[in-house]
Student: 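Before anything else, here's the structure in question.
Proteins get letters first, then strands, A, B, ... in listed order; numbering begins at 1 in each.
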Amino acid sequence: MKSETKPYKETLNLPVTRFEMKANLTEREPRMQERWREQDLYKQLRAARAGQSRKVLHDGPPYANGEIHMGTLLNKVLKDMVARSLSMFGHDSPYVPGWDCHGLPIEHKVVKDLGARAAHTSHADIRSLCRVEAMKWVDVQRSQFMRLGVLGDWFNPYLTLDPRYEAGIIDVLAQLVAEGYVERQLKPIHWCLSDRTALAEAELEYQESTTPSIFVNMLVKRGLPESLGVDGAVHAMIWTTTPWTLPANVAIAAHPDIEYAAVRYTPAGGGEPVQTILAVDLAAKVLARAGATDIVELGRCRGRALEHAVYSHPFLEREGRFVLANYVSVEDGTGLVHTAPGHGSEDFQTGMAYQLPVLSPVDESGRFTAEAPEWIQGQQVFAANKPIVEHIRASGHLVLEAPLSHSYPHCWRCKKPVIFRATEQWFIRVDHNRLRERTLEAIAQVRWIPEWGRTRIESMVSLRPDWCISRQRAWGVPIPALKCTGCGEQVLTAETLRHFRDLFRKEGSDSWFNRPAAEIVPDGLACPRCGKTEFEKEGDILDVWFESGASHRGVLASEFNLGYPAFMYLEGSDQHRGWFQSSILTAVGSTGRAPFETVLTHGFVVDDQGRKMSKSLGNYIAAEQATAKYGADVLRLYVSSMDYSDDVGMSERGVKEASESYRKIRNTFRYLLGNLEDYRDFDPATVDPLTLRAIDLYMLGKLNELVRDVRAAYERFEFYKVYQRIYQFCSVDLSSFYLDVLKDRLYAEARTGEKRRAAQFVLARLHDALARMLAPIIPHTAEEVWDYNKPGGGASVHLELFPEADPRFDDAARNQRWAQLLELRDKILVELEALRKSKQIGSAQEAKVTIHSDRLAATDLAGLLTEICIVSEVEIQAGHAGAEPRIAAERSAHAKCERCWNHRADVGQSAEHPTLCGRCVGVLVG
RNA sequence: GGGCGUAUAGCUCAGUUGGCUAGAGCGCACCCCUGAUAAGGGUGAGGUCCUGUGUUCGAAUCACAGUACGCCCA
């Protein structure tokens with residue numbers, strides 16, 4: 001041991017605490033989470049809030065596939081901050097997490113893994129493999145969410161594959177069926193001819209493929225505008241790369257704003273002149289390719305003028321109509337689009353809008369049925385292209401034929417080209433019973449945060465088509481429709497659905513697939529059309545959006561006893577089209593109101609340049625790794641720091657900056673705790689707040705302002721304001737001002753003296769308030785900090801309420817005075833800096849400040865200024881009347897007190913302690 | 001191509017009904033301290049308020065037209 005060079009250091013009250021500066025969150029957080037699990041914090045919180053006003057944030061179920069990413073992290077952390085802050089406002093806010101377990105991606109994965117074996121695997125086996133796959137990811141994601149510190153009923157979540165939940169889905173469907181919303185309609189879907197199966201978008205592979213491309217004239221019968229200037233027979237020229245769809249043609253689509261021309265030309269090889277209509281911009285090109293001569297333009301019109309004109313089909317006894325569609329372009333073709341609602345997605349949309357018939361004379365194997373013209377019946381569609389083209393050529397309708405290479409969808413399994421084929425599907429009729437209008441009315445009743453969410457979902461709902469809720473897949477909840485073996489009637493009634501609802505609740509929806517129809521058909525069921533009592537099961541399942549959209553039944557209104565409607569739904573802004581819409585449509589249809597009072601949306605996670613985050617761009621941050629590296633509280637603090645109403649930019653550098661901020665907050669707590677170590681046994685009630693020093697009262701007033709601002713920000717879910725406000729308070733008001741000023745009092749004054757106790761009184765309040773206010777954002781650290789100084793021995797900060805402002809410390813006039821004082825302080829600090837630059841002083845304690853001011857001369861502010869500038873002496877002298885204070889700083893002429901380091905005139909007056917100032921001598925002698 | 005949204009210092013955010021040389025914190029640079037020490041303090045430098053046009057005595061703020069980015073459609 002070296003000899004003691006500073007014996008008086010031992011007499012100071014320097015900070016002492018076991019609260020470590022190094023956060024080491026990676027190890028500390030899991031331990032904290034373990035503790036919360038053991039004490040069952042979630043259950044304790046439920047008990048503590050039992051009977052209070054209930055505000056439920058209803059979790060939108062993430063898809064149980066893959067690890068969580070930054071987007072899921074953002075969403076879950078925001079939800080957690082909402083739920084926790086609601087609890088800290090005193091509400092009873094249970095949080096039941098959920099998972100979306102059915103659906104194509106999981107089925108896809110399972111089938112892919114099976115490879116060739118998939119063909120020999122039973123439906124039931126595929127479903128049980130899917131279940132295993134889904135549950136695997138539920139477990140993975142659960143532990144990842146828990147690692148983030150999200151507080152919820154993690155071991156009693158809702159799963160869309162849970163029989164109780166499935167029953168809820170069918171219950172909603174039953175109600176919708178009872179009120180007539182559900183009906184069967186034809187709709188074109190992707191279809192693989194060789195596998196004889198429906199395909200989803202995700203099961204398509206686009207490949208270059210060569211098909212015919214033909215230009216066809218169709219004879220217009222009536223309804224053309226005069227401006228076209230035509231006389232006699234006139235045609236409309238369409239273009240298609242799928243001649244086999246022509247038998248299903250029922251309309252020609254034009255763009256309302258594109259300009260069309262009527263032209264007369266002599267066909268290649270001579271013959272009678274022909275009149276036809278096509279887009280102005282394409283006419284010259286197309287006619288040149290066709291080898292036409294003597295081309296004369298006769299007149300023009302806008303597409304909208306063609307609407308409702310009538311033409312006759314090129315080879316069927318049928319009339320078709322001109323319709324308008326916005327997807328029509330002049331990229332290629334003729335600007336007039338052959339429209340067959342049974343064979344195309346856009347065609348179908350247009351067909352719905354104009355109530356056109358949906359024709360699809362093609363069977364499961366892609367062969368034309370008896371509804372097609374005799375000369376192609378039984379032929380496979382692709383093979384039928386040739387006779388169809390020849391037929392049109394022979395009748396003189398063909399203008400031009402040329403092979404075309406373009407991207408065409410193929411089956412992901414057999415690699416063969418697919419077709420669009422109309423099949424019967426189940427739909428929810430959006431305009432039945434005014435469902436659309438009533439949904440819009442319900443939307444008006446909801447609070448949307450941000451406000452523009454309302455406009456967004458309104459425009460989507462007012463434009464959306466009927467909702468196709470059936471899918472031809474294996475992994476989902478069946479639509480338990482029964483097909484009469486006698487007449488083929490589909491039986492799907494409220495009664496049969498309630499029967500199957502009860503069956504599913506008992507046995508799960510597997511029972512539909514695994515048990516024979518005869519076993520599960522309701523007793524005594526007879527076909528309403530033919531009276532027969534034998535049925536087959538249909539194989540369709542429900543759209544997964546219907547499943548998750550029905551969570552208001554399965555989760556809010558029943559099993560989990562959360563209450564209907566929910567206080568809030570909180571998801572990314574993509575859910576205006578997704579879950580918010582499927583939820584509100586099913587809810588309005590079945591209960592007449594929205595399932596939520598408030599909908600809060602957040603933006604997407606992008607990189608620091610505002611670009612989408614993707615692995616291929618190299619700007620991707622893996623959520624798991626980031627959590628492992630920086631800790632949950634750092635990421636949570638990062639999330640809290642940004643305004644989520646827009647996209648949030650995240651980057652590795654951003655995370656690092658967040659950990660800097662975290663360290664500042666942590667250190668602020670460390671200082672507070674270090675100076676409160678001996679305060680725990682002290683009874684704060686013995687401090688009369690009115691005896692506190694001016695600066696203490698001022699800080700308590702500042703704390704009041706902080707508490708009010710933070711509460712207001714939490715009320716509006718503006719976490720970035722909470723962060724900003726608290727962080728700047730810690731940094732500016734505390735670290736660089738109050739806590740710095742306090743050092744002399746805390747370290748040098750008598751340990752249990754009134755002056756030090758007064759400071760500790762404020763520190764304790766700061767600690768208490770900051771820990772509570774930060775608890776929703778950095779729950780682990782808030783709890784750790786709470787542990788070190790438990791007022792009242794609370795088991796967890798997360799069972800506490802937010803602090804409230806204490807009006808005893810409000811004083812507007814005082815704040816005004818302090819604002820002036822701090823302004824003066826800033827000016828003094830500039831002078832001190834100049835002194836430092838010229839090497840006359842190092843620390844401020846070596847300085848003496850002289851202020852010349854007429855105004856201040858009459859006051860007794862010298863002492864206060866000495867304190868808040870942490871200098872050794874301030875002298876105020878008279879200055880010119882009305883002039884700004886003039887400030888001079890110099891090195892103090894007094895000796896330095898060896899104990900408190902202030903330069904004081906009274907150093908050396910004690911024989912016993914010749915190097916100490918009077919105050920320090922007093923403290924030591926007692 | 002359409003609907004909705006965003007754009008202020010390197011970063012995160014302020015900027016009320018158009019009005020002082022556009023603010024804060026962080027970061028950065030330089031300095032100090034060594035009794036919050038893998039801490040703490042001070043000073044300072046950073047902005048074509050996305051671009052353009054217009055309205056106005058005056059525009060980050062209002063209008064129009066663009067650009068970029070995001071979400072959802074097509």
Student: Nearest of B:G40, B:G70, B:C26 to any side-chain atom of A:Asp647?
Tutor: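 Looking only at heavy atoms from C-beta outward on A:Asp647, the closest nucleotide is B:G70.
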Student: Which part of the nucleic acid, if any, lies within reach of A:Ser641 when heavy atoms closer than 4.0 Å are counted: base, sugar-phosphate only, or nothing?
Tutor: sugar-phosphate
Student: If you check every side-chain atom of A:Gln728, which of B:G25, B:G35, B:C71 has the closest atom?
Tutor: B:G25
Student: Ignoring backbone atoms, establish whether A:Arg464 has a side-chain N or O less than 4.0 Å from OP1 or OP2 of B:C72.
Tutor: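 It does not, given that no N or O in the side chain of A:Arg464 lies less than 4.0 Å from OP1 or OP2 of B:C72.
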Student: Rounded to whole angstrom units, what separation is found between the CG atom of A:Asp733 and the P atom of B:G41?
Tutor: 12 Å
Student: Which nucleotide in the set B:G35, B:C30, B:U12 lies at the smallest distance from any side-chain heavy atom of A:Met642?
Tutor: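 Per side-chain heavy atoms of A:Met642, the pick is B:U12.
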Student: What integer distance in Å separates A:Arg836:CZ from B:C30:P?
Tutor: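 These atoms are roughly 17 Å apart.
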Student: Return the value, rounded to whole Å, for the distance between atom CD of A:Glu660 and atom P of B:C28.
Tutor: 7 Å
Student: Within the structure shown, what part of the strands sits under 4.0 Å from A:Gly674 by heavy-atom distance: base, sugar-phosphate, or nothing?
Tutor: nothing
Student: Considering only side-chain heavy atoms of A:Arg653, which listed nucleotide, B:C72, B:G10, B:U43, is closest?
Tutor: B:G10
Student: Over all strands shown, is A:Leu829 touching base, sugar-phosphate only, or nothing at heavy-atom distances under 4.0 angstrom?
Tutor: sugar-phosphate
Student: Which nucleotide wins on minimum distance to the side chain of A:Arg611, given the candidates B:G70, B:C4, B:A38?
Tutor: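 When the side chain of A:Arg611 is considered, B:G70 is the closest of B:G70, B:C4, B:A38.
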Student: Once you round to the nearest 0.5 Å, how far does CG of A:Asp643 lie from OH of A:Tyr720?
Tutor: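 OH of A:Tyr720 is found 4.0 Å from CG of A:Asp643.
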Student: Go through the steps for A:Trp467 and A:Phe427 under the test ring-ring contact (aromatic ring centres under 6.0 Å, His included), then give the verdict.
Tutor: CA-CA 5 Å; A:Trp467 179 6; A:Phe427 282 82; over 10 Å; no
Student: Counting side-chain heavy atoms from C-beta on, which of B:G40, B:G70, B:C30 comes nearest to A:Asp740?
Tutor: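 It is B:G40.
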Student: Given B:U6, B:C13, B:C31, identify the nucleotide with an atom nearest to the side chain of A:Glu833.
Tutor: B:C31
Student: Is it the case that the base of B:A36 and the side chain of A:Thr17 share a donor-acceptor contact (distance under 3.5 Å, atom types as modelled)?
Tutor: no
Student: Could you tell me if A:Arg904 and A:His894 have a donor-acceptor pair between their side chains, going purely by distance under 3.5 Å?
Tutor: no
Student: Stacking here means centres under 5.5 Å and planes under 30°; does A:Trp901 stack on B:G35?
Tutor: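 Yes; centroid distance and tilt both under limits.
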Student: Say whether A:Asp696 and A:Tyr738, considering side chains only, have a donor N or O and an acceptor N or O under 3.5 Å apart.
Tutor: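 The criterion, which ignores hydrogens and geometry beyond distance, is satisfied for A:Tyr738 and A:Asp696.
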Student: When the distance from CG of A:Asp744 to P of B:C33 is rounded to whole Å, what number comes out?
Tutor: 19 Å
Student: Nearest of B:C31, B:A24, B:G40 to any side-chain atom of A:Lys743?
Tutor: B:G40
Student: With a 4.0 Å limit, can you tell me whether A:Lys22 has a side-chain N or O closer than that to the phosphate oxygens OP1/OP2 of B:A39?
Tutor: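 Looking at the OP1 and OP2 atoms of B:A39, neither is under 4.0 Å from any side-chain N or O of A:Lys22.
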Student: Output yes when at least one side-chain N/O atom of A:Lys721 is less than 4.0 Å from OP1 or OP2 of B:U12, else no.
Tutor: no
Student: Considering every strand and a 4.0 Å limit on heavy-atom distances, what is the contact class for A:Ser735: base, sugar-phosphate, or nothing?
Tutor: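 It contacts base atoms.
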Student: With distance as the sole criterion, is a donor-acceptor pair present between the side chains of A:Thr17 and A:Arg670 under 3.5 Å?
Tutor: no
Student: Check every strand shown and say whether A:Asp643 touches a base, only sugar-phosphate, or nothing at a heavy-atom separation below 4.0 Å.
Tutor: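 The answer is sugar-phosphate, as A:Asp643 gets under 4.0 Å only of primed atoms, P, OP1 or OP2.
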Student: Is any side-chain nitrogen or oxygen of A:Lys656 closer than 4.0 Å to OP1 or OP2 of B:U12?
Tutor: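 For B:U12, neither OP1 nor OP2 has a side-chain N or O of A:Lys656 closer than 4.0 Å.
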Student: Would you kindly give the CG-to-P distance between A:Leu74 and B:G70, to the nearest whole Å?
Tutor: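 It works out to 17 Å between those atoms.
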Student: Hey, does the side-chain of A:Arg456 have a donor or acceptor N/O within less than 3.5 Å of a partner on the base of B:C71?
Tutor: yes
Student: Is the closest side-chain donor-acceptor distance between A:Asp100 and A:Ser548 under 3.5 Å?
Tutor: no
Student: Would you indicate what A:Arg725 reaches in the nucleic acid, counting non-hydrogen atoms under 4.0 angstrom: base, sugar-phosphate, or nothing?
Tutor: nothing
Student: Would you say A:Tyr8 places a side-chain N or O within less than 4.0 Å of OP1 or OP2 belonging to B:G35?
Tutor: no
Student: Assign A:Glu346 to base, sugar-phosphate, or nothing according to its heavy-atom contacts below 4.0 angstrom with the strands shown.
Tutor: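 Answer is sugar-phosphate: A:Glu346 comes under 4.0 Å of backbone atoms only.
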Student: Pull up the glycosidic torsion of B:G46 and say syn or anti, syn being anything within 90° of 0.
Tutor: syn
Student: Quick one: is B:A14 close enough that its OP1 or OP2 comes under 4.0 Å of any side-chain N or O from A:Tyr720?
Tutor: yes
Student: Consider only side-chain N and O atoms of A:Thr598 and A:Tyr569, and report whether a donor and an acceptor are under 3.5 Å apart.
Tutor: no
Student: From C-beta outward on A:Ser736, which listed nucleotide comes closest to its side chain: B:C72, B:G41, B:C32?
Tutor: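 Side chain of A:Ser736 sits closest to B:G41.
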Student: Does a side-chain N or O from A:Lys9 land closer than 4.0 Å to OP1 or OP2 of B:G35, or not?
Tutor: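 For B:G35, OP1 or OP2 has a side-chain N or O of A:Lys9 closer than 4.0 Å.
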Student: Nearest of B:U12, B:C4, B:G25 to any side-chain atom of A:Gln724?
Tutor: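 Selected nucleotide (nearest to the side chain): B:U12.
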